[in-house]
Amino acid sequence: MPDPVITAAASQITTCRANGHVPVIRTFFDNPTFTATHVVHDPATRSAAIIDSVMDYDPASGKTDHDLAQEIVDYITAEKLKVEWVLETHVHADHLSAAPWLQERVGGQLGIGDAIMRVQDIFGKLFNAGTRFARDGSQFDRLFHDGARFMLGSLPAIALHVPGHTPADMAYVIGDAAFIGDTLFMPDYGTARADFPGGDARMLYHSIRRLLSLPEETRIFLCHDYMAPGRDEYAWETTVGAERRGNIHVHDGVDENTFVQMRTARDATLSLPNLIMPSVQVNMRGGNLPEPEDNGVSYIKIPVSRS
Ligand SMILES: [Fe+2]
């Protein structure tokens, strides 16, 4: 049975490519966390979206910094862009979002997938966040459901729910470009892990096959690159066709069970990301630090000896 959301996204991509109605994309790469922040804009209206921003964080001292986010602000100012959206593909576990800091400086509505409530519930319990931590997504301005449409200036956009890495992962198709978060990586590196709380390798396989049923020429932009062996540059842009032909984990012909076995075995060998504790506690709050204690200071919790 055809997937109506994918059919709509595919027709948007084909039409935008045929008309040359395509966004301009500039990527800012954060080396310490291997994260690609994309600033995408409509050249006709200069409306822009910032996707998956990064706030620098030193775990030893707890100090935060906004060097990369400031570069983004400078770029937006120099290019005279109007930020309409600050989007998160998911609650990241490996870096802290700079979304509220950016919103204060350049504006824009903060968006994420509507399954965020499930993620807030899981992590709210894990970190014993208390009743003052709202688990209804209210830290965000817009919660997207699968197939939700929105505009970036004159460019049409559609949100796709692509769970697996987390239950709430989204991809955003803006014009002819798909920003796919943590699903696929570059063909020579494979796919995202699926072993975080609420993650599911089988679900990830289905989300990836959905993305790979978009037109072959679809430009896809990744959330991370870890520079596979044999390469000497980071890369974050590929196409559906290149992934279908060459993704080492999930090229055409790899069936669900083979993928799930491979993904599960590989995940068992991975250690947790260095910044998982602060990242999750900040990102589940829309990039805001936990509520300050009575001395005015925010603290990050670490559950000790938890099995
Ligand atoms: Fe992630």
Side-chain angles (χ1 to χ4, degrees), residues 27-38 50-57 59 68 86-99 110-120 122-123 126-127 137 139-140 144 159-172 178-186 189-208 211 220-228 234-236 238 243 247 249-250 263-264 266-287:
T27 299
F28 295 80
F29 193 75
D30 181 58
N31 276 72
T33 64
F34 309 101
T35 304
T37 300
H38 306 292
I50 303 169
I51 303 178
D52 290 333
S53 64
V54 178
M55 172 167 77
D56 307 309
Y57 179 79
L68 193 65
V86 180
L87 301 175
E88 298 287 347
T89 54
H90 62 292
V91 168
H92 306 275
D94 55 6
H95 68 271
L96 285 68
S97 167
L110 180 58
I112 200 164
D114 61 359
I116 178 70
M117 294 177 232
R118 242 194 95 196
V119 174
Q120 288 178 323
I122 292 170
F123 288 121
L126 198 64
F127 290 104
Q139 300 86 346
F140 299 83
F144 294 102
L160 309 178
H161 183 212
V162 287
H165 173 65
T166 79
D169 275 59
M170 300 303 285
Y172 302 104
F179 301 86
I180 62 169
D182 282 7
T183 51
L184 293 157
F185 294 139
M186 289 302 282
Y189 200 83
T191 55
R193 65 196 295 174
D195 59 333
F196 293 150
D200 185 315
R202 214 163 277 284
M203 226 181 245
L204 180 61
Y205 180 83
H206 285 285
S207 294
I208 287 172
L211 289 170
I220 60 183
F221 291 84
L222 312 176
C223 185
H224 294 293
D225 183 51
Y226 303 97
M227 200 150 62
Y234 290 109
W236 43 75
T238 180
E243 295 281 13
N247 188 289
H249 293 165
V250 71
R263 191 63 265 171
T264 310
R266 184 168 155 73
D267 286 348
T269 70
L270 301 176
S271 46
L272 289 176
N274 291 338
L275 297 181
I276 189 168
M277 296 292 170
S279 299
V280 169
Q281 290 173 78
V282 168
N283 296 339
M284 72 183 187
R285 296 177 164 92

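Worth knowing before you read on, the calculation uses all heavy atoms, side chains too, and leaves out hydrogens, waters and symmetry mates. Ligands are counted one by one from 1 in listed order, and the atoms in each one are counted from 1 as well.
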Which word best sums up how the rings of His38 and Phe221 line up, parallel for under 30°, tilted for 30 to 60°, or perpendicular for over 60°?
perpendicular

(message) Can you tell me if, anywhere in Asp182, an N/O/S atom lies at a distance from the Fe ion (ligand 1) that is smaller than 2.8 Å?
(response) yes

Notebook entry, point to check: Do the non-hydrogen side-chain atoms of Asn283 and Glu88 ever get within less than 4.5 Å of each other?
Noted result: no

Closer than 3.5 angstrom, by distance alone: can the side chain of Asn247 be matched with the main-chain N or O of Gly190 as a donor-acceptor pair?
yes

Check your understanding: Does Ser97 use its side chain to pair, donor to acceptor, with the backbone of Val54 at less than 3.5 Å?
Key -> no

* Does any N, O or S atom in His165 come within less than 2.8 Å of the Fe ion (ligand 1)? -> yes

Exercise for review: Taking both backbone and side-chain atoms into account, decide whether Cys223 has an N/O/S atom under 2.8 Å from the Fe ion (ligand 1).
Suggested key: no

